[in-house]
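Positions are given from 1, in the same order as the sequence printed here. All of these numbers come straight from a predicted model, not from anything done at the bench.
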Amino acid sequence: QVQLVESGGGLVQPGGSLRLSCEASGFTVSGYAMAWHRQTPGKERELVALIATGGHSNYPDSVRVRFTISLDNAKNTVYLHMANLAPDDTAVYYCNRPIAAIWGQGTQVTVSS
């Protein structure tokens, strides 16, 4: 069964860091492009990181330099490293395999003092 399970969300203070994990089952993450998205109530889901099969990554201007997507092939897991977090980063974060539109259940990130 193809499945993505996110973890690592929580409450963090402004300026803090967090690492989200996305454990995949039923397929090998290194064989696909993988992505992270986020969504806040009333807004469309927003792409925040994409890593291609060759390892090249892309980010929107809003998170470039602060966010980094990476893979751990041994653990079949995708990570999103987030630094210098701001209240505007508060959202539910979703792991995604674009091919066949596989989505995880999401993990809440709240940035607040």
Side-chain angles (χ1 to χ4, degrees):
Q1 181 182 1
V2 175
Q3 192 175 11
L4 297 172
V5 178
E6 301 99 332
S7 62
L11 175 64
V12 62
Q13 292 188 342
S17 300
L18 208 57
R19 187 186 75 169
L20 305 182
S21 301
C22 171
E23 184 173 358
S25 56
F27 72 101
T28 303
V29 295
S30 61
Y32 293 86
M34 298 295 299
W36 284 93
H37 293 70
R38 67 185 179 187
Q39 189 170 26
T40 55
K43 293 186 177 181
E44 292 187 0
R45 199 167 287 188
E46 173 192 19
L47 174 69
V48 295
L50 174 73
I51 186 165
T53 52
H56 182 70
S57 56
N58 285 292
Y59 310 90
D61 290 343
S62 59
V63 306
R64 188 171 289 117
V65 176
R66 300 189 299 122
F67 288 13
T68 303
I69 187 171
S70 64
L71 302 182
D72 184 328
N73 293 329
K75 296 182 178 180
N76 207 33
T77 296
V78 185
Y79 297 106
L80 184 67
H81 305 259
M82 305 185 292
N84 193 23
L85 285 162
D88 284 350
D89 296 315
T90 295
V92 179
Y93 284 73
Y94 296 90
C95 181
N96 164 243
R97 192 189 83 179
I99 292 178
I102 306 299
W103 292 90
Q105 82 287 353
T107 185
Q108 175 71 46
V109 172
T110 302
V111 184
S112 175
S113 55

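Between M82 atom CE and R19 atom CZ the span is 11.5 Å, to the nearest 0.5 Å. Distance check, rounded to the nearest 0.5 Å: OG of S70 to CG of L80 gives 8.5 Å. Considering OG1 of T90 and CZ of R38, their distance stands at 9.0 Å, rounded to 0.5 Å. Here L50 contributes atom CG and H37 contributes atom NE2; the two are 8.0 Å apart, rounded to the nearest 0.5 Å. Note that CZ of R45 and CG of N96 are 8.5 Å apart. Values are rounded to the nearest 0.5 Å. If you take CZ on R97 and CD1 on I102, they are separated by 5.0 Å, rounding to the nearest 0.5 Å.
Between F27 and M34 the shortest heavy-atom distance is CE1-SD, 4.0 Å. The two atoms that bring A33 and P98 nearest to each other are O-CD, 3.2 Å, heavy atoms only. Minimum heavy-atom separation, I69 to Y59: N-OH, 3.0 Å. Nearest heavy atoms, T77 versus E23: OG1-CA, 3.9 Å. The shortest heavy-atom contact between P60 and V48 is CD-O, 3.3 Å. When all heavy atoms of N76 and S25 are compared, the closest pair comes out as ND2-N, 4.4 Å.
Under the 4.5 Å side-chain heavy-atom criterion for grouping Ile, Leu, Val, Met, Phe, Trp and Tyr, V2 is connected to V78 within one hydrophobic cluster. The hydrophobic clustering, which links ILVMFWY residues whose side-chain heavy atoms are closer than 4.5 Å, places L18 and V63 together. With hydrophobic clusters built from ILVMFWY side chains whose heavy atoms lie under 4.5 angstrom apart, V12 shares a cluster with F67.
With hydrogens and angles ignored, the 3.5 Å screen pairs no side-chain donor or acceptor of Q39 with any backbone N or O of A91. Judged purely by atom type and a 3.5 angstrom limit, E6 uses its side chain to pair as donor or acceptor with the backbone of G106.
Using a 4.5 Å heavy-atom threshold, the side chains of L11 and S112 count as touching.
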Side chain to side chain contact (heavy atoms under 4.5 Å, CB included) between S62 and E46, intermediate numbers included: CA-CA 11 Å; S62 59; E46 173 192 19; 3.5 Å; yes

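The one candidate from L4, L71, V5 that meets the side chain to side chain contact (heavy atoms under 4.5 Å, CB included) condition with C22 is L4.
W103 and Y94 have perpendicular rings, their planes meeting at more than 60° on a 0 to 90° scale where under 30° would count as parallel.
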